[in-house]
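In what follows, every chain begins at residue 1, and chains take the letters A, B, ... in the order their sequences are listed.
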Number of protein chains: 2
Amino acid sequence: MRIGQLARRSGVSVRALRYYEEQRLLESTRTTGGQRDYPDEAMERVQLIQDLFAAGLSSRTVVELLPCVSTGVATPDMLDQLIVERDRIAARIQDLTRAKTKLGHVIENVSAANVGR
Amino acid sequence: MRIGQLARRSGVSVRALRYYEEQRLLESTRTTGGQRDYPDEAMERVQLIQDLFAAGLSSRTVVELLPCVSTGVATPDMLDQLIVERDRIAARIQDLTRAKTKLGHVIENVSAANVGR
DNA sequence: CTTGCACCTCACGTCAACGTCAGGTTTTAG
DNA sequence: CTAAAACCTGACGTTGACGTGAGGTGCAAG
C-alpha cells in the first residue's frame with residue numbers, strides 16, 4: 001500500500017506518516033522508484049500511534065514503548081515506564097473529570113436560571 | 001499579595017501569572033511603585049484557570065467562559081459553548097480511558113511473562 | 001546609604017506535531 | 001508518448017503557554 005492510501009484509510013495526513021517514519025515510529029520498504037510501500041499491518045500501527053499520542057505521550061516515549069506494546073515483551077525498565085505512563089493517564093483522567101464536573105455544575109446553574117426567566 | 005507569593009501559593013510560575021494577565025484571564029491592581037497586587041480570591045481564580053487549561057481549553061476559550069463559570073450567569077451562546085466544551089472533555093476522557101486500558105493489558109501481559117521466568 | 005532580593009517591561013527562544021511551499025521524480029491512465 | 005496524479009526530499013512556518021535573558025526600578029534590612 002502506498003502512502004496516500006494509508007493516509008486515507010487511517011485518517012491521518014501524508015505529512016504525519018512521513019513524520020512518524022522520521023521519528024522511527026513507523027517503517028516502510030521502498031519501491032525501485034523510491035516510493036514508500038506499507039504492509040497492511042501498518043494501519044493498526046498507525047492507529048496505535050494515534051491512540052498513544054491522544055493519550056498525551058510524546059513521540060520519544062512512544063518510540064520507547066511501541067516495541068513492548070506490540071510484542072508484549074518488555075524489560076523491567078520498560079515495565080516501569082509503562083506503569084508511569086498509565087498512572088499519568090489515570091491522573092489526567094482525574095483532572096478532566098474534575099473539570100467536566102465543574103462545567104456540568106455551571107451548565108446546571110445557568111440552565112436553571114434561564115428556565116426561571 | 002504580590003506576584004511571587006501568589007506564584008508560590010498557587011504553584012504556577014511568575015511568568016505564567018503575567019501571561020494570564022496579558023490574556024485577560026487575571027486582573028491585578030498596582031502599587032504606587034507599579035507592582036502587581038492580588039486579592040486572596042486570586043488563588044481560586046488561578047486554580048480555576050489551571051483546571052480549565054488542564055482540561056485542554058485554550059486561553060481564548062477560557063477568557064470567554066470565565067465570567068459565567070465564576071458568576072453563574074451566561075448567555076445562550078455561552079451555554080452552548082459550555083456544553084460543547086464539556087462534551088469535548090467527555091470525549092477526551094473516553095480516549096484516555098481506552099489508552100489506559102490498552103496500557104493496562106500490556107502491563108498485565110508483561111508482568112505475567114516476567115512472573116513465569 | 002547601600003546591598004540585595006523581588007519586581008517591572010520588552011522581546012526573543014522553545015518544543016511538538018505537524019502544515020505548507022518549492023522544485024523535482026515516479027507511476028498510472030488514456 | 002504524454003499529461004496528470006501521486007510521490008519524493010528539503011526546509012521554513014505555525015501555534016500555545018510559557019522560559020529566559022537584558023536592562024532597569026521598588027522596597028525592606030542593617
* Structure fact -> Sorted by position of nearest nucleotide on DNA chain C, 5' first, the leading residue of A:G34 and A:Q23 is A:Q23
* Roughly how many Å is it from CZ in B:R60 to P in D:dG16, rounded to a whole number? -> 9 Å
* When you look for runs of 3 or more Watson-Crick or G-U pairs in a row, both distances below 3.5 Å, which of them include DNA chain C? -> C:1-30 with D:1-30
* Using a cut-off of less than 4.0 Å, is there contact between a side-chain N or O of B:S58 and OP1 or OP2 of D:dA17? -> no
* Asked: Rounded to whole angstrom units, what separation is found between the CD atom of A:E21 and the P atom of D:dG10?
  -> 12 Å
* Using a 4.0 Å heavy-atom cut-off across all strands, classify B:L57 as base, sugar-phosphate, or nothing. => sugar-phosphate
* To do: Let me know the distance between CD1 of B:I3 and P of D:dT25, rounded to the nearest Å.
  => 19 Å
* Asked: With side chains defined as the heavy atoms from C-beta onward, is the minimum distance between A:K102 and B:L48 less than 4.5 Å?
  -> yes
* Asked: Heavy atoms, side chains only, cut-off 4.5 Å: are A:V63 and A:Q23 in contact?
  -> no
* Side-chain donor/acceptor contact of B:R15 with base of D:dT20 under 3.5 Å -> yes
* In whole angstrom, give the distance that lies between atom CG of B:D37 and atom P of D:dC27. => 11 Å
* Separation of atom CD in B:Q5 from atom P in D:dC27, rounded to whole Å -> 16 Å
* Asked: Is any side-chain nitrogen or oxygen of A:Y20 closer than 4.0 Å to OP1 or OP2 of C:dA17?
  -> no
* Asked: Do B:R30 and B:Q35 come within less than 4.5 Å of each other through their side chains, counting heavy atoms only?
  -> no
* To do: On DNA chain D, check which nucleotide each of B:F53 and B:T31 is closest to and give me the residue with the more 5' one.
  => B:F53
* Base, sugar-phosphate, or nothing: which does A:R30 touch, judged by heavy atoms less than 4.0 Å apart? -> sugar-phosphate
* Asked: If you check every side-chain atom of B:Y19, which of C:dC18, D:dA6, D:dC18 has the closest atom?
  -> D:dC18
* Asked: DNA chain C: A:Q35 or A:V14, which has the more 5' nearest nucleotide?
  -> A:V14
* From D:dG19, D:dC8, D:dA17, nucleotide with atom closest to A:R18 side chain -> D:dC8
* Under 4.5 Å between any side-chain heavy atoms of A:R86 and A:L82, yes or no? -> no
* Structure fact -> Atom CD of A:Q50 and atom C1' of C:dC18 are separated, to the nearest Å, by 11 Å
* Heavy-atom neighbours of A:E27 CD exceed 12 at 6.0 Å -> no
* Structure fact -> Side-chain contact check for A:R2: nearest option of D:dC27, C:dT28, C:dA17 is C:dT28
* To do: Would you mind checking if A:R88 and A:E85 are paired as a salt bridge, meaning a charged N to carboxylate O distance below 4.0 Å?
  => yes
* Asked: Roughly, in whole Å, what's the span from CD in B:E22 to C1' in D:dC18?
  -> 10 Å
* side-chain N/O A:T32 vs C:dT26 OP1/OP2, d < 4.0 Å -> no
* What nucleic acid atoms does B:R36 come within less than 4.0 Å of, heavy atoms only: base, sugar-phosphate, or nothing? -> sugar-phosphate
* Whole-Å distance between C:dC7 C1' and B:M1 CE? -> 16 Å
* Asked: Can you tell me how far OH of A:Y19 sits from CG of A:L26, rounded to the nearest 0.5 angstrom?
  -> 13.0 Å
* Straight-line distance of A:M78 CE to A:L65 CG, nearest 0.5 Å -> 6.5 Å
